Chemist: 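Let me begin by handing over the structure; questions about it come next.
All values reported here derive from a predicted model rather than from experimental measurement.
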Amino acid sequence: LKWKDGPASLPPGAKVVMLEGDLAKEGPFTLRALLPDGYKIPPHTHPKIEHVTVISGTFYLGMGEKFDQSAGHEMSAGAFGFWPAGMKHFAWTKGETIIQVHGVGPWGINYLNPADDPRNAKK
């Protein structure tokens with residue numbers, strides 16, 4: 001696999017590889033994300049259902065509008081989860097973690113707080 005820097009929609013530090021499809025187009029996609037230890041994704045939603053498989057490491061997922069690690073659910077290697085479109089959630093890692101995300105495009109991420117969106121970062 002050839003890892004590339006994650007898209008501008010993710011906080012810096014993520015690496016990704018597309019296995020199938022194109023996030024911007026109609027149709028199925030599968031991607032893997034390599035996330036460093038302590039990586040955090042602020043509260044957000046997606047326009048369509050999200051499917052996540054943890055390949056290695058530990059991925060934590062919490063529901064709600066505020067980033068609250070005490071409200072998270074641990075997903076270790078081999079775990080699988082799926083969440084409906086529009087569900088408010090946040091995530092973080094413990095140890096270097098690889099997740100596989102699959103779904104149907106076009107795909108996107110919408111941060112609840114615009115200040116959390118890396119695409120809005122001042123350059």
Chemist: Nearest 0.5 angstrom please: H89 NE2 to L112 CG, how far?
Modeler: 9.5 Å
Chemist: Within the structure provided, determine whether P42 and F90 are in side-chain contact (heavy-atom separation under 4.5 Å).
Modeler: no
Chemist: Could you tell me whether the side chain of Y111 reaches within less than 4.5 Å of the side chain of I41, counting heavy atoms only?
Modeler: yes
Chemist: So if you build clusters from Ile, Leu, Val, Met, Phe, Trp, Tyr with side-chain heavy-atom gaps below 4.5 Å, do L23 and W3 land together?
Modeler: no
Chemist: Is there a side chain to side chain contact (heavy atoms under 4.5 Å, CB included) between I49 and F82 once you walk through the steps?
Modeler: CA-CA 7 Å; I49 191 170; F82 62 96; 4.0 Å; yes
Chemist: If you measure from CD1 on I99 to OG on S56, what distance do you get to the nearest 0.5 Å?
Modeler: 10.5 Å
Chemist: Do P36 and T93 have side chains that approach each other closer than 4.5 Å (heavy atoms only, starting at C-beta)?
Modeler: no
Chemist: Kindly indicate, with the supporting measurements, whether the criterion side chain to side chain contact (heavy atoms under 4.5 Å, CB included) is fulfilled by R32 and L1.
Modeler: CA-CA 10 Å; R32 285 195 184 163; L1 301 177; 3.9 Å; yes
Chemist: Within the 4.5 Å heavy-atom criterion, are T97 and I55 side-chain neighbours or not?
Modeler: no
Chemist: In terms of hydrophobic clusters joined by side-chain contacts under 4.5 Å, are L31 and L34 together?
Modeler: no
Chemist: Applying a strict under-4.5 Å side-chain criterion to I, L, V, M, F, W and Y, I'd like to know whether V101 and I98 cluster together.
Modeler: no
Chemist: Report the distance from atom CE of M63 to atom CE of M87, rounding to the nearest 0.5 Å.
Modeler: 3.5 Å
Chemist: Between CZ of R119 and CG of L10, what distance do you get to the nearest 0.5 Å?
Modeler: 8.5 Å
Chemist: Would you mind reporting whether E20 and P28 have side-chain heavy atoms less than 4.5 Å apart?
Modeler: yes
Chemist: Is it possible for you to say whether V17 and F59 belong to one hydrophobic cluster, with membership spreading through side-chain heavy-atom contacts below 4.5 Å?
Modeler: no
Chemist: So, do W107 and F29 have ring centers that fall under 6.0 Å from each other?
Modeler: yes
Chemist: Answer yes or no: is there a donor N or O on one side and an acceptor on the other, between the side chain of N120 and the main chain of P114, under 3.5 Å?
Modeler: yes
Chemist: Less than 4.5 Å apart, side chain to side chain, heavy atoms only: is that true for P11 and Y39?
Modeler: yes
Chemist: Is there a continuous path of hydrophobic side-chain contacts, each under 4.5 Å between heavy atoms, that joins V54 to Y60?
Modeler: no
Chemist: Do V52 and H102 come close enough that some side-chain heavy atom pair is under 4.5 Å?
Modeler: no
Chemist: Could you measure the distance from the NE2 atom of H73 to the CE atom of M75? Nearest 0.5 Å is fine.
Modeler: 6.0 Å
Chemist: Give the C-alpha distance, both sets of side-chain angles, the deciding distance and a yes or no for side chain to side chain contact (heavy atoms under 4.5 Å, CB included) between N113 and K66.
Modeler: CA-CA 10 Å; N113 179 351; K66 302 275 185 200; over 6 Å; no
Chemist: Atom OG1 in T58, atom CG in D37: separation rounded to 0.5 Å?
Modeler: 9.5 Å
Chemist: Taking T45 for its side chain and K88 for its backbone only, find out whether a donor-acceptor pair lies under 3.5 Å.
Modeler: no
Chemist: Given side chains that start at C-beta, do those of P106 and K48 come closer than 4.5 Å, heavy atoms only?
Modeler: yes
Chemist: Anything under 30° is parallel, anything over 60° is perpendicular, the rest tilted; go ahead and classify F67 against W92.
Modeler: tilted
Chemist: If you compare all heavy atoms of G108 against all heavy atoms of P47, which two are closest, and at what distance to 0.1 Å?
Modeler: O-CD, 3.2 Å
